[in-house]
There are 2 protein chains.
Amino acid sequence: MIEAQKKLVEKGIHLSQQRIAIMDYLLKHKTHPTAEDIYRDLSPSMPSLSRTTVYNTLKLFSDHEAVLVLNIDDRNARFDGYTHHHAHFMCSNCEQLYDVPIPDHQVAIARANPGLDGFRVRSVQIDYHGLCPRCCAEEVTLK
Amino acid sequence: MIEAQKKLVEKGIHLSQQRIAIMDYLLKHKTHPTAEDIYRDLSPSMPSLSRTTVYNTLKLFSDHEAVLVLNIDDRNARFDGYTHHHAHFMCSNCEQLYDVPIPDHQVAIARANPGLDGFRVRSVQIDYHGLCPRCCAEEVTLK
DNA sequence: GTGCTTGCAAATCGTTTGCAATAGC
DNA sequence: GCTATTGCAAACGATTTGCAAGCAC
């Protein structure tokens, strides 16, 4: 059993077939899939799987901080099984979502912002919007 | 006419009663309102105003970068007429949204991230989640 | 009068909920 | 058997779309 799964079991979460499949999917696909992506891709090999279960499971995982929920895309929630801190870049033209590494010290600085005195910070999300290299090359004009 | 309005006119945007009212609302209410908030609050004094117009106008403004669209709240889009760079903190308990000042140099650092080589960055959004001071004081446990 | 703007109603679509069937201890 | 989990269908709610009426130059 892999580490991410152990963590869930420790928290008393039963690992059903469906939950294992969804966690596996998230760990193998670093594509920031939507709930629908996961449902579509897992359905063929798990015909009984329902959207409801996908949604329930993703909510369960995110409540236990086993996955990140990204709000960078205003149309659907995106899920990320890679929980180490990093930023995201969304291309305004092709809508592709990219990982952007963030130096640890920069996260530390962001968390230590004096403007946050009195707040208890649980997570910091850094989202970039703009044009990705491919769309830049095609000289696409920003919408 | 105020500066924000001048900018819109320069871009060839006609300033209708509705658009002026919505821009005014955004400049006066630093509460990160949703489209529905704006509609509800303006309706009494503009009975003919429709939700569609509120949505259309907010889209028009954000396309012209006259307002910021915040994705920090996964339920609805929040709008911010204060376009100078700053971060946002959303309380996981009371769901209140706070402005967090961000030193200019920190934004500069975020934009200069070497991981962004080749990308053309249009905007950076920094979102915090956690407990706000009031909810900390009430010793609320994080969901 | 031509084109932009508005606003109603209906459609869309991601997500949630109610609830009955099922599985695991 | 009891509780947690699943999955269908329906509901929900924010946002978008089609389109006809109104307004501005």
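The sequence lines fix the lettering, A, B, ..., with proteins before strands; numbering per chain opens at 1. Since the structure is predicted, the reported quantities are computational estimates derived from the model, not experimental observations.
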Set out, in order, the CA-CA distance, both residues' side-chain angles and the distance that settles side chain to side chain contact (heavy atoms under 4.5 Å, CB included) for Met90(B) and Arg78(B), then state yes or no. CA-CA 12 Å; Met90(B) 186 165 197; Arg78(B) 307 286 204 117; 4.1 Å; yes
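- In summary, the side chains of Asp80(A) and His88(A) do present a donor paired with an acceptor at a separation below 3.5 Å, with no hydrogens or angles considered.
- Per the geometry, NZ belonging to Lys11(B) stands 19 Å off P belonging to dC4(C), to the nearest Å.
- Atom CG of Asn76(B) is separated from atom P of dG14(C) by 17 Å (rounded to the nearest Å).
- For Gln18(B), a side-chain nitrogen or oxygen approaches OP1 or OP2 of dG7(C) to under 4.0 Å.
- Ile13(A) places its CD1 atom 16 Å from the C1' atom of dT3(D), with the value rounded to the nearest Å.
- Across the protein-nucleic acid pair, Asp73(B) atom CG and dT15(C) atom C1' stand 14 Å apart, rounded to whole Å.
- Remark: P of dT6(C) and CG of Leu58(B) are 12 Å apart, rounded to the nearest angstrom.
- Spacing between atom CZ of Arg19(B) and atom P of dA24(D) amounts to 12 Å, rounded to whole angstrom units.
- If you look at Tyr98(B) and Phe119(A), their ring centroids are closer than 6.0 Å.
- Under the 3.5 Å distance criterion, the side-chain polar atoms of Asp24(B) are left unmatched by any main-chain donor or acceptor of Ala21(B).
- Counting non-hydrogen atoms of neighbouring residues, nucleotides and ligands closer than 6.0 angstrom, the NZ atom of Lys7(B) reaches no more than 12 such neighbours.
- Rounding to whole angstrom units, CZ of residue Arg75(B) and P of dC13(C) are separated by 23 Å.
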Can you pull every protein N or O that's under 3.5 Å from an N or O on nucleotides 16-25 of chain C?
none

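- Using modelled atom types and a 3.5 Å distance limit, the side chains of Asp73(A) and His32(A) yield no donor-acceptor pair.
- With dT6(D), dT15(C), dG7(C) as the choices, the nucleotide that has an atom nearest any side-chain atom of Ser16(A) turns out to be dT6(D).
- Residue contacts shown for Ser48(A) are limited to sugar-phosphate atoms, with no base heavy atom under 4.0 Å away.
- In summary, the side chains of Thr53(A) and Asn56(A) do not present any donor paired with an acceptor at a separation below 3.5 Å, with no hydrogens or angles considered.
- Within the 4.0 angstrom heavy-atom criterion, no nucleotide atom of any strand lies near Glu36(B).
- Nucleotide dG14(C) holds its P atom 12 Å from the CZ atom of Arg78(A), rounded to whole Å.
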